[in-house]
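Below: the structure, in structure tokens.
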2 protein chains.
Amino acid sequence: MAQKIKLSTIAETLGLSTATVSLALRDSPLVAGATRDKIKEQARALGYIYNRRAASLRTSRSGIIGVVVHDIMNPFYAEILKSIESELDRSRQTFILSNHYDSVEKQRTFIETLLQLGGDGVIMSPAIGTPPEDIRLAEDNNMPAILIARSVEGLDVPIFRGDDSYGISLATNHLISLGHTCIAMVGGTDQTSTGRDRYQGYVNALRRANIEVDPELRIPGPRSKLGGFEAAVTFLSLPQKPTAAVCWNDLVAIGMMNGIARAGLVPGRDVSVTGYDDLEEASIATPALTTVANGQTEVGRNAARALLDKLSGSHEPDGIHLIKPEMRIRQSTGPVKQR
Amino acid sequence: MAQKIKLSTIAETLGLSTATVSLALRDSPLVAGATRDKIKEQARALGYIYNRRAASLRTSRSGIIGVVVHDIMNPFYAEILKSIESELDRSRQTFILSNHYDSVEKQRTFIETLLQLGGDGVIMSPAIGTPPEDIRLAEDNNMPAILIARSVEGLDVPIFRGDDSYGISLATNHLISLGHTCIAMVGGTDQTSTGRDRYQGYVNALRRANIEVDPELRIPGPRSKLGGFEAAVTFLSLPQKPTAAVCWNDLVAIGMMNGIARAGLVPGRDVSVTGYDDLEEASIATPALTTVANGQTEVGRNAARALLDKLSGSHEPDGIHLIKPEMRIRQSTGPVKQR
DNA sequence: GGGCATGCTCTAAAGGATTCGATAAACTGT
DNA sequence: ACAGTTTATCGAATCCTTTAGAGCATGCCC
């Protein structure tokens, strides 16, 4: 309040130059030990606050990293963010978070803001329909980007994600092995690479088992609990009377189980349901959800490390980094039972 | 990549001064319309990126607002954040988000980082045990703070929160009116103002109905789904055989309903359960959760507006701003039934 | 004692936008 | 035609830190 304390304030009170003070505070070996201690002590005493904007103006390094995903409230992204956070924390980077809600517009605004702030890099799960130029804008202005979860055509920035096609085929195979032959696929969209991959995994698994693929058994759209809840109605009224559902993710699966229960049926006994992601919540759902662990923690950690490596120039982690999903079998799936 | 475009680049290519360019880009009436258009056009053509750090060095306004809460993954905070976000968005402020996970240490680090970046203000739900000095640090360095959800003793910064004591008493009264007399309180902690207020609301409602308060009926601790899930076991083994539970929040209530179902009982019929917060999820839970709407949207919106007002100097929103909670009766509560 | 390291500190020039006060040009009214 | 406005633009200082490059002791060796 009183007076802004700056380097020169410290310098004057000690009869030194700002250069020395600046170096001392950053532990430069150029400054004598005794001087350094005196300076640090004085800085503390005066309540000095380092001015990063002034510093970064000079050094063109801001210590800011941007992270933008579809929706941070979605536990799938939240778990990724948590692991990014713990990775960045230890390297003293500040991170700025944003949702784009699949608005290309909002996403571009975020990238521009980040550029204005001098962001050092950005980790993003690109919005549906992201034009490659928007990401090149970042790269061209010296702000490297790393993608997570979704790819963008025509770009060669590093990307970290689970192997969606393989993961969904695991879930589908599991249902097939329980005797199910009429299996619906609930949720997701063809507009993202993830959506296409997951549907493909489902189709592949059915084909391999010589089960005919019926497009009517696909209920596209839902990606949230509410979506899954509502899709239960559609599912239960399908004329083919499917006995199982491969859901887009755990949220859809949990919502759908709630919808099924509301209709008086018992999920896991009357209808088998699989999720995807293995959120913390999956194991405490009723019944406990059979799902596919999608490696959120690895995705976040590896993406953050890759960016830090790139920034420190030690390593260029280009290309696609796939993480192998794993099956988690619980109580929401069981042997086939006619309705 | 090629060359950094700055104000002076634009100025030179047009034969103008940086002063004029700077003014034009900010739509100053001092600049002639034709000149302004020419400048803006050129800025776009060159791919000029506004350098906020340089600007804020001069103006000491960064356009950055910090938001720190216990855990952004918690849907209660997530809903607040969403409403803060939409409020700040329209005033072109960037916001930086952080969790403190109730670590005073982590919270202070965040405040310091924000000060270094020249944050204009901070909205926070203070960590348990936050010393008033930590918040004064912000205020003293010209970065106003607004509290949400929790208070800190010995401070007169504005605070926005629900009326917890009143809210919980609504839920408790509702159970009492259904005939319940042995009602447990599940979750929460005495270490936060919210925790103390909610317990007090529960106690008050019982006393008003002449029901004796049994401290053994309190199961403190849980604040998450998993916590509620585990607390169900404790609850069901209480010798007093309570017929209803007032839960700390919706997460605890939903977790607890899952735990109760896992034990073979039907929540809403065998045991009545109330939540708190009215998350989106409450209405699709099985059974749909009776809960108390806590006004997250208002809290977020009002807090954000208050901060913006304070920054623009138009208004000093000091003091406590309580939001009146409202009852939402659904299927998780019903008439008393002996177990 | 002269020549050279070595160790520590300082001077001054960036870095990019904003803004006060000055200036020049165009216009007003008489 | 001239003093007085108004309008549009500019010069230069300023915000605070970093960092070459210079400078000055001191100590050491031959």
Side-chain angles (χ1 to χ4, degrees), chain A residues 3-40 42-43 46-64 112-113 115-120 141-142, chain B residues 3-40 42-43 46-64 92 112-113 115-120 141-143:
Chain A
Q3 244 288 93
K4 202 80 178 176
I5 310 296
K6 35 187 171 168
L7 282 191
S8 63
T9 320
I10 302 177
E12 279 163 23
T13 60
L14 292 176
L16 291 166
S17 75
T18 61
T20 307
V21 176
S22 170
L23 292 168
L25 291 178
R26 281 172 301 139
D27 288 317
S28 160
L30 289 174
V31 177
T35 316
R36 173 169 33 74
D37 295 345
K38 214 165 45 184
I39 289 175
K40 286 195 164 181
Q42 182 75 335
L46 292 176
Y48 170 69
I49 287 171
Y50 179 66
N51 187 330
R52 278 217 225 181
R53 2 212 240 304
S56 82
L57 181 56
R58 186 72 229 268
T59 61
S60 49
R61 261 315 185 75
S62 63
I64 292 177
E112 281 166 3
T113 302
L115 284 170
Q116 295 183 355
L117 292 172
D120 292 339
N141 284 283
N142 201 27
Chain B
Q3 246 287 94
K4 203 81 178 178
I5 310 295
K6 34 185 172 170
L7 280 192
S8 61
T9 319
I10 302 177
E12 280 163 22
T13 59
L14 291 176
L16 291 166
S17 75
T18 60
T20 307
V21 175
S22 170
L23 292 168
L25 290 179
R26 281 170 303 139
D27 288 317
S28 161
L30 289 175
V31 176
T35 316
R36 172 169 34 72
D37 295 345
K38 214 166 46 183
I39 289 175
K40 287 194 164 182
Q42 181 75 335
L46 292 175
Y48 170 69
I49 287 171
Y50 179 67
N51 188 330
R52 278 217 224 182
R53 1 212 240 305
S56 81
L57 181 56
R58 184 71 228 269
T59 61
S60 49
R61 261 316 185 77
S62 63
I64 292 177
R92 329 207 92 271
E112 281 166 3
T113 302
L115 285 171
Q116 294 183 354
L117 292 172
D120 292 339
N141 285 284
N142 200 28
M143 183 171 79

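In what follows, every chain begins at residue 1, and chains take the letters A, B, ... in the order their sequences are listed.
In this structure, B/V31 reaches the sugar-phosphate backbone alone: every heavy-atom distance under 4.0 Å involves primed, P, OP1 or OP2 atoms, never a base. Residue B/T35 is classed as a sugar-phosphate contact, given heavy-atom separations below 4.0 Å to backbone atoms only. A/G118 comes within 4.0 angstrom of nothing in the nucleic acid, heavy atoms only. Across all strands shown, A/G33 has no heavy atoms under 4.0 Å from either base or sugar-phosphate atoms.
For the pair B/M143/B/L115, a side-chain contact is recorded, criterion being any heavy-atom separation below 4.5 Å from C-beta on. Within the 4.5 Å cutoff, no side-chain heavy atoms of A/I49 are placed close to those of A/K4.
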Counting only pairs under 3.5 Å, give me each side-chain donor-acceptor contact of residues 10-17 of chain B, with atom names and distances, residues two or more places apart or in other chains.
residue : atom : partner : partner atom : Å
B/T13   : OG1  : B/T9    : O            : 3.3
B/T13   : OG1  : B/I10   : O            : 2.9
B/T13   : OG1  : B/Q42   : NE2          : 2.8
B/S17   : OG   : B/A19   : N            : 3.4
B/S17   : OG   : B/T20   : N            : 3.3
B/S17   : OG   : B/T20   : OG1          : 3.2

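Nearest heavy atom pair, residue A/S62 against residue A/S56, reads CA-CB, 3.8 Å. Of all heavy-atom pairs between B/R53 and A/L57, the closest is NE-N, 4.2 Å. B/I5 approaches B/L46 most closely through the heavy-atom pair CG1-O, 3.5 Å.
The side chain to side chain donor-acceptor pair (under 3.5 Å) contacts involving residues 23-32 of chain B comprise B/S22-B/R26, B/D27-B/K40, where partners must be two or more places apart or lie in separate chains.
Annotation: the span from A/I64 atom CD1 to A/T113 atom OG1 amounts to 11.0 Å, rounded to 0.5 Å.
Axis deviation across the helix from C/dG1-D/dC30 to C/dT30-D/dA1 amounts to 40°, comparing end segments of five pairs, rounded to 10 degrees.
Interface limits on DNA chain C: the 5'-most and 3'-most nucleotides within less than 4.0 Å of chain B heavy atoms are C/dG16 to C/dT19.
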Next on the checklist: Protein within reach of the bases, or only the backbone? For nucleotides 16-24 of chain D, mark each nucleotide 5' to 3' as B, S or -, using heavy atoms under 4.0 Å.
Outcome noted: BBBB-----
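Scored by the salt bridge (charged side-chain N to carboxylate O under 4.0 Å, His left out) test, B/K38 finds no partners at all (sequence neighbours excluded).
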